[in-house]
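All values below come from the heavy atoms of this structure, side chains included, with hydrogens, waters and symmetry mates left out.
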Amino acid sequence: MSETQLREQAAHWWRTSICDIAPGRIAYRGYTIEELIDQISFPAMIWLMLRGELPTPAQERLLQAALVASVDHGPHAPSIAIAQMAVSCGLPLNGAMASAINTLGDLHGGAGEQAIELYDEVLRRSETKDLDEAAAEAIDHFTTTRSKYLPGFGHRFHPVDPRADPLLVLVDAAVSDAAVSGRYASAARAIERVMRERKGKLIPMNVDGATAVIYAELGFAPPLARGIFCLSRAVGILAHAWEQTGRKDRNKGPMPKQFAYKYQGQPKRSLKEAP
């Protein structure tokens with residue numbers, strides 16, 4: 001194999017449609033960096049990198065709203081608490097951010113992805129039946145096969161999540177302007193109706209459910225809902241990690257040292273009494 005063929009093979013191995021980098025040239029999805037700087041917002045840049053095209057103003061507004069809504073939830077959120085603890089153990093900011101972001105799994109950070117999957121199931125079933133009936137079946141399928149907790153509904157801290165309604169208002173406005181279809185918003189609200197009928201009380205949509213509506217209405221695949229959430233929450237993680245650098249705490253644990261944990265093991269024993 002000639003040197004030219006080897007170079008072509010290596011270039012093909014690392015092929016990408018995202019960035020075009022050469023001496024004196026940086027371009028993303030065909031747009032030069034000189035043109036992008038000072039011309040588009042960071043949410044628009046995220047859209048461009050993930051989708052290959054620039055968003056419409058309506059799409060950009062919805063994405064920005066979702067990013068802002070999920071940025072932080074204080075040390076109640078494990079990812080934020082871990083960022084603080086990591087810094088107190090001597091990690092630099094990037095190490096603290098990596099530690100925190102790595103906790104954003106299925107149970108903390110993955111609800112948006114799971115909510116889109118749930119909405120997709122509602123819409124799939126609604127092709128042959130009433131929307132509320134489809135929602136009821138999708139709920140039953142999810143709770144039977146995956147978890148008793150419905151992703152995107154209810155909140156362990158907020159009786160009503162203050163972030164959800166403002167996001168849904170923006171979605172409704174975008175539907176009125178024909179910027180999005182509204183199908184996912186309808187699916188999410190059908191789930192709320194079914195749950196209210198079954199429980200006798202409202203189990204309101206939370207920020208994960210509302211941002212999932214936005215991401216799905218905008219055409220993002222379910223895994224990207226988690227990825228974009230990580231981008232948003234990384235801002236809060238960085239802020240708390242940076243704040244912690246200005247404190248004198250060392251090896252900060254999950255509880256102040258004056259609070260003891262509960263030991264549940266064997267009572268005090270002696271090797272002299274061992275058989």
ask   = Does atom CD of Glu53 have more than 12 heavy-atom neighbours from other groups under 6.0 Å away?
value = no
key: Residue pair Gly74 / Ile80: nearest heavy atoms and the distance that separates them   = O-CB, 3.3 Å
ask   = Below 4.0 angstrom, N of the basic side chain to O of the carboxylate: do Arg25 and Asp20 qualify?
value = yes
task = Applying ring pair (Phe, Tyr, Trp, His ring centres under 6.0 Å) between Phe220 and each of Phe229, Tyr184, Trp47, report the one that passes.
result = Trp47
query = Which atom names give the shortest non-hydrogen contact between His141 and Thr145, and what distance separates them?
reply = O-OG1, 2.6 Å
request  = Can you measure from CG (Leu107) to OG1 (Thr103) and round to the nearest 0.5 angstrom?
outcome  = 11.0 Å
inquiry  = Please determine whether a side-chain nitrogen of the Lys or Arg among Lys129 and Glu137 lies less than 4.0 Å from a carboxylate oxygen of the Asp or Glu.
reply    = yes
query = Below 4.0 angstrom, N of the basic side chain to O of the carboxylate: do Arg196 and Glu192 qualify?
reply = no
key: Output field: ring centroids His73/His240 closer than 6.0 Å   = no
Please tabulate, for side-chain N and O atoms in residues 200-210, each donor-acceptor pair with protein atoms closer than 3.5 Å (sequence neighbours left out).
from	atom 1	to	atom 2	distance (Å)
Asn206	OD1	Asp208	N	2.9
Asn206	OD1	Gly209	N	3.0
Asn206	ND2	Gly154	O	2.6

query = Is Arg146 salt-bridged to Glu117, cutoff N-O under 4.0 Å?
reply = yes
ask   = If you group Ile, Leu, Val, Met, Phe, Trp and Tyr by side-chain heavy-atom gaps below 4.5 Å, do Tyr31 and Tyr28 land in one group?
value = yes
message = When you group the ILVMFWY residues by side-chain heavy-atom contacts below 4.5 Å and let the links chain together, are Val71 and Ile237 in the same group?
response = no
Nearest heavy atoms of Pro254 and Met85, plus distance in Å = N-SD, 3.6 Å
query = What distance separates Arg163 CZ from Ser70 OG, expressed to the nearest 0.5 Å?
reply = 6.5 Å
message = Please tell me whether Phe42 and Leu224 are part of a single hydrophobic cluster in this structure, the criterion being side-chain heavy atoms less than 4.5 Å apart.
response = yes
key: Non-hydrogen side-chain atoms of Leu170 and Ile214 separated by less than 4.5 Å   = no
query = Does the pair Arg247/Glu243 count as a salt bridge with the N-to-O cut at 4.0 Å?
reply = yes
inquiry  = Within this structure, what is the CZ-CD1 distance for the pair Arg29 and Ile18, rounded to the nearest 0.5 Å?
reply    = 5.0 Å
request  = Of all the heavy-atom pairs spanning Thr144 and Asp140, show the shortest one and how long it is.
outcome  = OG1-O, 2.7 Å
task = Carefully, step by step, assess Leu62 and Glu217 under the rule side-chain contact (heavy atoms from CB on, under 4.5 Å).
result = CA-CA 9 Å; Leu62 284 176; Glu217 292 283 356; 5.6 Å; no
request  = Can you measure from SG (Cys89) to CG (Asn251) and round to the nearest 0.5 angstrom?
outcome  = 5.0 Å
Minimum heavy-atom distance between Ile40 and Met45, given as atom pair plus value = CD1-SD, 3.6 Å
request  = Would you indicate whether Arg51, at its atom CZ, is surrounded by more than 12 heavy atoms from other residues, nucleotides or ligands within a distance under 6.0 Å?
outcome  = yes
request  = Give the cluster check for Ile82 versus Leu93: same hydrophobic cluster or not, with ILVMFWY residues linked at side-chain heavy-atom distances below 4.5 Å.
outcome  = no
ask   = Would one find more than 12 heavy atoms of other residues, nucleotides or ligands at under 6.0 Å from atom OH of Tyr263?
value = yes
query = Do Val87 and Met97 share a hydrophobic cluster, counting only Ile, Leu, Val, Met, Phe, Trp and Tyr and linking them when any side-chain heavy atoms are less than 4.5 Å apart?
reply = no
note = Here the pair of heavy atoms bringing Leu131 nearest to Ser126 is CD1-CB, 3.9 Å
task = Would you please test Arg124 and Asp120 for side-chain contact (heavy atoms from CB on, under 4.5 Å) and show each step?
result = CA-CA 6 Å; Arg124 185 184 68 79; Asp120 279 334; over 6 Å; no
ask   = Would you call Arg189-Asp172 a salt bridge at under 4.0 Å N-O?
value = yes
key: Distance (rounded to the nearest 0.5 Å) between Lys148 NZ and Leu150 CG   = 12.0 Å
inquiry  = Please determine whether the number of non-hydrogen atoms from other residues, nucleotides or ligands lying under 6.0 Å from atom CD of Gln5 exceeds 12.
reply    = yes
message = Rounded at 0.5 Å granularity, tell me how far CG in Leu238 sits from CD1 in Ile101.
response = 9.5 Å
task = Could you check Ser41 against Gln64 for side chain to side chain donor-acceptor pair (under 3.5 Å), going step by step and ending with a plain yes or no?
result = CA-CA 9 Å; Ser41 68; Gln64 176 171 287; 5.0 Å; no
